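Written out below as structure tokens is the structure these notes cover.
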Number of protein chains: 2
Amino acid sequence: MYHNLLKHIRQYIEIDDKQEIILETYIKTIKLKKKALLLHYGQICTSLFFVEKGCLRMYFIDSKANEQTTQFAIDKWWISDYMSFINKSPSDYYIQAVEPSEILFVEKNNLEKLLFQIPSLDRYFHIIMQKNLAASQQRIKYLYEMSKEELYFYFINSFPEFAQRVPQFMIASYLGLTPEYVSELRKKLQ
Amino acid sequence: MYHNLLKHIRQYIEIDDKQEIILETYIKTIKLKKKALLLHYGQICTSLFFVEKGCLRMYFIDSKANEQTTQFAIDKWWISDYMSFINKSPSDYYIQAVEPSEILFVEKNNLEKLLFQIPSLDRYFHIIMQKNLAASQQRIKYLYEMSKEELYFYFINSFPEFAQRVPQFMIASYLGLTPEYVSELRKKLQ
DNA sequence: CGCGGGTTTGATGATGCTCAAGCCCGGTGG
DNA sequence: CCACCGGGCTTGAGCATCATCAAACCCGCG
């Protein structure tokens, strides 16, 4: 169950057998059914989550009671509400399994112990967060430079496998448009 | 000139006198006049920039030849085009001084040496990037939940000092609206 | 088989953009 | 010290994009 995470970490730093065991004592696993929640609005987000297999999404409920998806995580991505994690403040978000998923997670106090025992993990997380930030910068750029129509077609063409795995209305809300408008755009394709 | 940076680093990790000297050998300084460029479209962004004093903005030119500001950095913030920095790819962005500024910067190869000699800096950057990511998540949430009008008033009320230091048209483009529309909104205030 | 979540359709309309023109004001050169 | 220049801000008319709302439809799942 730790296979993908270990592989991922070893892309960036060296982990020997002893350290591997330490890791496995501090990192927990959980299997989720479709639609199961990892984090609920109002809870404090005390963990960083790693998608070993499956797909998660992060969303909040806006003033009109719509679910607004702000992030997806698949494959070997980390996800968390960092504001809540850092400040121990109640989260505005839900984190939910889009499909049956296997998740690894480190709780904050365990992360501290882990970083103390394997300091090079700071390097790993430094690199991961930096990549995350790069992705986030690019996403913001796309949001600023493209119309909603362009955004949708760009997304569909860039991540066609995504359009298969994830329902339309989640993609719509991730791109900041209504399901009705997505419908209209899809009709254009014929 | 290194005062704010050192203070900032010491908020998170310990730096002794020897390490302080190492830091100062690898981190360079530059003073910028208003409107001077730190990074130009097409260049590879080889440094991380720290605002010791002043204000920077990051922008790109969109398909209609408008400047789109995607980020500001003041005070003790780090800024960079992380995509370009990580992949050594040509940047889409300009980074420019909004006002006369004092900037510190680490070049990529120097950062590697620095992290080798002071491994705890990985912890510092881990924390910094995590905070950056938290801010970025919150920004995206605001972009999704507020109308342009709400965004503008929220921004003005939350960062009134910003509205003083930065010209209207930059704030407009940072929030993704036209200067004309900002005008209209300001008129509403009377 | 029937229910319900997700998608489609179409009519209507608001938000916020475009374009063109004028204005204000601070900086620069004569 | 004044005049001019030009960048930035304002104004207003017209309009495109995209949201809203209501209804029907489709299909997978219990």
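Proteins get letters first, then strands, A, B, ... in listed order; numbering begins at 1 in each. The model shown is predicted, which means the values in this text are computed figures rather than measured ones.
Here dT17(D) presents its P atom at 18 Å from OH of Tyr181(B), a figure rounded to the nearest Å. The nearest whole Å value for the distance from the CG atom in Asp62(A) to the P atom in dA19(D) is 12 Å. Regarding Arg186(B), its CZ atom lies at a distance of 15 Å from the P atom of dG8(D), rounded to whole Å. The interatomic distance linking Lys188(A) (NZ) with dC18(D) (C1') rounds to 11 Å, in whole Å. Leu185(B) places its CG atom 12 Å from the P atom of dT11(D), with the value rounded to the nearest Å.
Lys141(B) forms a cation-pi arrangement with Phe60(A), by the criterion of a distance under 6.0 Å to the ring centre and an angle within 45° of the ring axis.
Regarding contacts with the backbone of dA19(D), a side-chain N or O of Thr178(A) is found under 4.0 angstrom from either OP1 or OP2. Taking 4.0 angstrom as the limit, Lys64(A) places none of its side-chain polar atoms (N or O) nearer than this to OP1 or OP2 of dA19(D).
In summary, the aromatic rings of His126(A) and Tyr124(B) are positioned with their centroids too far apart to meet the 6.0 Å limit. Between Phe72(A) and Tyr174(A), the gap from one ring centroid to the other is short of 6.0 Å. Two rings, from Tyr154(A) and Tyr142(A), have their centers less than 6.0 Å apart. Between Phe50(B) and Trp77(B), the distance from one ring center to the other does not fall under 6.0 angstrom.
For NZ of Lys113(A), the number of neighbouring non-hydrogen atoms (other residues, nucleotides, ligands) closer than 6.0 Å is greater than 12.
Over its length, the helix from dC1(C)-dG30(D) to dG30(C)-dC1(D) turns its helix axis by 40°, as judged from the five terminal pairs at each end, rounded to 10°.
The ring-ring contact (aromatic ring centres under 6.0 Å, His included) test with Tyr59(A) is passed by exactly one of Phe169(A), Tyr94(A), Tyr93(A): Tyr94(A).
By the 4.0 Å N-to-carboxylate-O rule, Lys76(B) lies too far from Glu52(B) to be salt-bridged with it.
Using modelled atom types and a 3.5 Å distance limit, the side chains of Tyr26(B) and Gln117(B) yield a donor-acceptor pair. In the model, Ser173(B) has a side-chain atom that pairs as donor or acceptor with a side-chain atom of Thr69(B) under 3.5 Å.
At a non-hydrogen distance threshold of 4.0 Å, Pro167(A), Gln168(A), Phe169(A) from residues 165-177 of chain A come into contact with DNA chain C.
Within the 4.0 angstrom heavy-atom criterion, base atoms lie near Glu180(A).
Residues Lys148(A) and Leu175(A) have side chains not in contact (no heavy-atom distance under 4.5 Å, counting atoms from C-beta outward).
Protein chain A contacts DNA chain C from dG6(C) to dG10(C), reading 5' to 3' and using non-hydrogen atoms of the protein with a distance under 4.0 Å.
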